[in-house]
Number of protein chains: 2
Amino acid sequence: MEKQDKKPKRWSLEDIRDYLSQHDIRSSVYRLKIFEYLINDRTHPTAEEIYKHLKKELPAISPGTVYNTLRLFLEKKIVQLVNVEKNQFRFDATLSWHGHLKCLGCGRVFDLHIENLKLSGLEGFEIFEKHLDLKGLCPECLKRKNI
Amino acid sequence: MEKQDKKPKRWSLEDIRDYLSQHDIRSSVYRLKIFEYLINDRTHPTAEEIYKHLKKELPAISPGTVYNTLRLFLEKKIVQLVNVEKNQFRFDATLSWHGHLKCLGCGRVFDLHIENLKLSGLEGFEIFEKHLDLKGLCPECLKRKNI
DNA sequence: TATAAAATTATATTGATTATAAAATTATAA
DNA sequence: TTATAATTTTATAATCAATATAATTTTATA
Ligand SMILES: [Mn+2]
Ligand SMILES: [Mn+2]
Ligand SMILES: [Zn+2]
Ligand SMILES: [Zn+2]
């Protein structure tokens, strides 16, 4: 039998409301929807991408709200920054230790499972954050290139 | 006998002139000095830090030259970006595969030796760049904090 | 309902980086 | 050497994601 990909559970708005509350964040329609997009779609979007995505469903939303909310989420540590972009922040609501690969062809940001990482020269240091970021091409873009 | 730290060789201006030439980069006083600072001091400076450092010795230098030169060096792939800063680029002329730790106390960026890294889920991908970036506190800053 | 607190909006500001065009320097040809 | 072209550097303006500000709207609570 083939190993099956674990299908990540989709968070309901109620799940998110509880989660925000547990982290001392008051809920609002926008906050719920921004977090929902991050946690369920998992595309590591920029603030602008989140804004454009939500504007379809909630046309009254303003970019400031997205920026404010993301800053709040960072402060409360329920999202992390992804460093694959030169001039823009990308956001991830998945906090477990994993890496990222940005495909330079299609722009998608893929999650990487890190099986093993051993560093030396860190004796006496205290670590708060770790980021592993790759750039490359995904299989689809490689195939397209070689046609 | 204790394992001894390898002392990195210091590059002469002639070394650098040859190196730039090998990479199709014409030399100039500023280009030589910018690369010299990067390769010999190894502090992973920002453009602004390079500008301030060189201005002491070469007061006529302009920030534009530093930005232009760093962009050229990136294009010719003789420097790489270090992603430890939120709003600023840091630069490294050491191209071998290694990681970085930014101390949030003193701001220094340390090099890390990566003994082992094993990723999964990259079958069929092509990788061009890898970055490993940590944030934390260095031993000196930890000691200072605990006094 | 009245009042206070918080969230959202529109707008202006910031600041690192890039773009542009003129001036200075360097390389090459005559 | 002198002329000419190519390159580098400079001063300046422009860009643009992110932040700050203050007014407005919404929500919570008395
Ligand atoms: Mn991720
Ligand atoms: Mn380094
Ligand atoms: Zn792709
Ligand atoms: Zn330190």
Side-chain angles (χ1 to χ4, degrees), chain A residues 13 16-17 20-21 23-38 44-55 57-76 78-91 102 107 109, chain B residues 13 16-17 20-21 23-38 44-55 57-76 78-91 102 107 109:
Chain A
L13 290 181
I16 298 171
R17 189 184 296 280
L20 296 186
S21 166
H23 290 84
D24 287 314
I25 301 172
R26 296 161 58 125
S27 288
S28 75
V29 174
Y30 295 141
R31 288 176 179 182
L32 289 169
K33 285 298 200 169
I34 290 171
F35 194 86
E36 185 192 33
Y37 184 46
L38 287 167
H44 313 90
T46 63
E48 198 195 356
E49 286 167 357
I50 295 170
Y51 171 70
K52 284 183 178 164
H53 178 82
L54 293 185
K55 201 165 174 55
E57 196 183 342
L58 303 165
I61 195 173
S62 79
T65 298
V66 179
Y67 282 106
N68 287 342
T69 302
L70 291 169
R71 199 140 27 92
L72 176 68
F73 286 177
L74 278 175
E75 224 175 271
K76 299 293 188 179
I78 63 165
V79 300
Q80 62 168 326
L81 284 174
V82 180
N83 292 318
V84 289
E85 219 65 55
K86 238 182 151 200
N87 331 295
Q88 255 176 313
F89 301 159
R90 291 191 172 274
F91 297 87
K102 166 154 179 149
V109 177
Chain B
L13 290 181
I16 298 171
R17 189 183 296 278
L20 295 187
S21 166
H23 290 84
D24 287 313
I25 301 172
R26 296 161 57 125
S27 288
S28 74
V29 174
Y30 295 141
R31 289 176 179 182
L32 289 169
K33 285 299 202 170
I34 289 170
F35 194 86
E36 185 192 33
Y37 184 46
L38 286 167
H44 312 90
T46 63
E48 198 195 356
E49 285 168 357
I50 296 170
Y51 171 70
K52 284 183 177 166
H53 178 83
L54 293 185
K55 201 163 174 56
E57 197 184 340
L58 303 165
I61 195 173
S62 78
T65 299
V66 179
Y67 282 105
N68 287 342
T69 302
L70 291 169
R71 200 141 25 92
L72 176 68
F73 286 177
L74 278 176
E75 223 174 272
K76 299 293 189 180
I78 64 165
V79 300
Q80 62 168 325
L81 285 174
V82 180
N83 292 318
V84 289
E85 220 64 54
K86 239 184 152 199
N87 335 294
Q88 256 175 314
F89 301 159
R90 290 191 172 275
F91 298 86
K102 166 153 178 149
V109 177

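In what follows, every chain begins at residue 1, and chains take the letters A, B, ... in the order their sequences are listed. Just so you know, these numbers use all the heavy atoms, side chains as well, and skip hydrogens, waters and symmetry mates.
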Within 6.0 Å of NZ in B/K55, more than 12 heavy atoms from elsewhere: yes
Would you give a per-nucleotide map of nucleotides 20-30 of chain D, 5' to 3', where B means the base has a protein non-hydrogen atom under 4.0 Å away, S means only the sugar-phosphate does, and - means neither? S-------S--
Could you state the [atom1]-[atom2] distance from [X] to [N], rounded to the nearest angstrom?
{"X": "A/I61", "N": "C/dA7", "atom1": "CD1", "atom2": "P", "result": "15 Å"}
{"X": "B/L74", "N": "C/dT17", "atom1": "CG", "atom2": "C1'", "result": "12 Å"}
{"X": "A/L54", "N": "C/dT9", "atom1": "CG", "atom2": "P", "result": "11 Å"}
{"X": "A/Y51", "N": "C/dA10", "atom1": "OH", "atom2": "C1'", "result": "11 Å"}
{"X": "B/Y67", "N": "D/dT12", "atom1": "OH", "atom2": "P", "result": "17 Å"}
{"X": "A/E49", "N": "D/dA17", "atom1": "CD", "atom2": "C1'", "result": "13 Å"}
{"X": "A/I34", "N": "C/dA7", "atom1": "CD1", "atom2": "P", "result": "13 Å"}
{"X": "A/R31", "N": "C/dT8", "atom1": "CZ", "atom2": "C1'", "result": "10 Å"}

Under a 4.0 Å N-O cut-off, is there an ion pair linking B/R71 with B/E75? no
Side chain proximity check, [X] to [Y], heavy atoms < 4.5 angstrom:
{"X": "B/T46", "Y": "B/F89", "result": "no"}
{"X": "B/H23", "Y": "B/F73", "result": "no"}
{"X": "A/V84", "Y": "A/H44", "result": "no"}

Both B/I25 and A/R90 contact DNA chain D. Taking the nearest nucleotide for each, which residue is further toward the 5' end? B/I25
Could you say whether B/K86 or B/Y30 is positioned toward the 5' end of DNA chain D, judged by the nucleotide with the nearest heavy atom to each? B/Y30
So, is B/T46 near the phosphate of C/dA16, with a side-chain N or O under 4.0 Å from OP1 or OP2? no
Hunt down any stem DNA chain D takes part in, defined as 3 or more consecutive Watson-Crick or G-U pairs whose two distances are each under 3.5 Å. C:1-30 with D:1-30
Is there any salt bridge (Lys or Arg N to Asp or Glu O under 4.0 Å) pair reaching into residues 57-70 of chain A, and which pairs are they, with sequence neighbours excluded? A/K33-A/E57
Going by side chain to side chain donor-acceptor pair (under 3.5 Å), name the residues that satisfy it together with A/K76, two or more places apart in sequence or in a different chain. none
Which residues satisfy the side chain to side chain donor-acceptor pair (under 3.5 Å) test with A/E49, sequence neighbours excluded? A/R90
Ignoring the backbone of A/S62, work out which of D/dA18, C/dT9, C/dA16 is nearest its side chain. C/dT9
Apply ring pair (Phe, Tyr, Trp, His ring centres under 6.0 Å) to A/Y51 and list each qualifying residue two or more places apart in sequence or on a separate chain. none
